[in-house]
Amino acid sequence: MHRKKRIVKKKKKINSKNTDRKILEEVIRVDHAGEYGATRIYDGQIAIFGKNSKIGKTIQHMADQEKEHIEKFNELILEHRVRPTALLPVWNFAGFALGATTAIMGEKAAMACTVAVEKVIGEHYQQQQNLIKNDYKELKKTIKKFEKDELEHHDIGIEHDAENAPGYSIMTKVIELGCKTAIAISKKI
Ligand SMILES: [Fe+2]
Ligand SMILES: [Fe+2]
């Protein structure tokens with residue numbers, strides 16, 4: 001009887017060093033959703049600005065990185081057999097609409113959208129690195145690399161005068177809240 005109890009305890013200890021399967025699934029599902037949404041935001045912006053405009057080229061650089069990110073998560077979702085979010089069609093539409101709307105409002109507004117989105121994603125990626133244990137070192141590395149890219153996108157937004165967009169403060173707050181809500185939903189559904 002006593003022996004049995006000790007074995008159970010030992011098992012628990014080992015497990016705490018490993019990533020919880022549920023957490024792993026949530027991380028991959030939400031990141032896949034987020035990267036998909038990001039590609040759609042930049043698609044929407046490029047559709048308005050055109051890819052040959054000066055701003056279009058800057059956005060295309062970020063869009064190319066998002067493409068790398070989503071391709072990686074497309075692989076990871078298969079490799080780890082994680083169910084993608086059921087809401088991909090929603091993020092498809094919502095991402096494009098957000099990108100196109102902010103682009104119609106102007107270059108600074110489009111960049112303000114980038115600042116808001118990338119701030120949330122960057123912070124989210126940072127938090128995730130504590131959730132993933134060393135049993136998934138490669139995934140941790142991937143998230144760290146992507147975090148760096150997202151923060152670069154954030155800085156590109158600032159450099160392009162995002163903070164002088166009309167209604168910057170309220171607009172970024174609304175977009176940040178939207179992103180956080182999308183993150184919360186996409187982890188589970
Ligand atoms: Fe990304
Ligand atoms: Fe990004």
Side-chain angles (χ1 to χ4, degrees), residues 26-49 51 55-80 82 84-85 87-88 90-103 107-129 131-132 136 138-163 165 168 171-172 174-187:
E26 286 184 3
V27 164
I28 294 177
R29 181 178 305 118
V30 73
D31 292 356
H32 176 260
E35 294 300 347
Y36 180 67
T39 62
R40 295 299 290 154
I41 291 171
Y42 291 130
D43 282 349
Q45 292 185 340
I46 290 169
I48 300 299
F49 292 130
K51 44 174 152 179
I55 189 89
K57 282 178 188 160
T58 303
I59 295 169
Q60 189 62 52
H61 161 73
M62 300 190 280
D64 289 344
Q65 282 178 324
E66 302 302 357
K67 197 168 169 250
E68 264 177 46
H69 298 174
I70 185 62
E71 279 170 3
K72 183 68 192 173
F73 276 102
N74 276 335
E75 282 172 23
L76 288 170
I77 222 161
L78 291 176
E79 184 187 329
H80 297 286
V82 175
T85 172
L87 295 170
L88 284 183
V90 177
W91 305 144
N92 178 0
F93 174 78
F96 190 89
L98 177 63
T101 308
T102 51
E107 293 186 4
K108 288 175 189 169
M111 287 296 170
C113 171
T114 292
V115 168
V117 170
E118 303 290 9
K119 177 175 175 260
V120 174
I121 301 183
E123 285 169 359
H124 188 236
Y125 277 162
Q126 201 189 10
Q127 290 162 4
Q128 282 184 343
Q129 288 165 61
L131 296 175
I132 303 294
Y136 288 98
E138 274 307 304
L139 176 62
K140 227 172 164 168
K141 256 205 221 151
T142 298
I143 292 173
K144 197 172 183 180
K145 153 84 172 68
F146 291 0
E147 181 200 349
K148 202 177 130 259
D149 292 345
E150 311 306 3
L151 294 178
E152 186 206 320
H153 300 168
H154 170 275
D155 294 349
I156 288 173
I158 298 286
E159 281 160 24
H160 286 78
D161 222 11
E163 287 161 307
Y168 174 80
M171 184 167 75
T172 49
V174 169
I175 295 173
E176 280 175 29
L177 186 65
C179 288
K180 283 178 185 166
T181 309
I183 286 171
I185 298 173
S186 299
K187 267 186 207 168

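Counting starts at 1 for both ligands and their atoms, in listed order.
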Visitor: Write the atom name of the N, O or S atom in Glu35 that is nearest the Fe ion (ligand 1).
Guide: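 Closest to the Fe ion (ligand 1) among those atoms: OE1.
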Visitor: Would you tabulate the side-chain donor-acceptor contacts of residues 55-65 under 3.5 Å, counting partners in other chains and residues two or more places apart, or write 'none'?
Guide:
residue: Thr58; atom: OG1; partner: Lys54; partner atom: O; Å: 3.3
residue: Gln60; atom: NE2; partner: Asp64; partner atom: OD1; Å: 2.9
residue: His61; atom: NE2; partner: Glu152; partner atom: OE2; Å: 2.9
residue: Gln65; atom: OE1; partner: His153; partner atom: NE2; Å: 2.5

Visitor: Under 2.8 Å from the Fe ion (ligand 2), which protein atoms of type N, O or S occur, listed by chain and number?
Guide: Glu66 OE2, Glu118 OE1, Glu118 OE2, Glu150 OE1, His153 ND1
Visitor: Could you list the residues that satisfy side chain to side chain contact (heavy atoms under 4.5 Å, CB included) with Glu163, not counting sequence neighbours?
Guide: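 Per chain and number, Glu163 pairs via side chain to side chain contact (heavy atoms under 4.5 Å, CB included) with Ile158, Tyr168.
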Visitor: Considering residues at least two apart in sequence or located in another chain, which fulfil the ring-ring contact (aromatic ring centres under 6.0 Å, His included) criterion with Phe96?
Guide: none
Visitor: Do Tyr36 and Thr85 come within less than 4.5 Å of each other through their side chains, counting heavy atoms only?
Guide: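 SC-SC contact between Tyr36 and Thr85 ruled out.
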Visitor: Is Lys141 salt-bridged to Glu138, cutoff N-O under 4.0 Å?
Guide: yes
Visitor: So does Glu26 pair up with Arg29, basic N to acidic O under 4.0 Å?
Guide: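 No, Glu26 and Arg29 are not salt-bridged.
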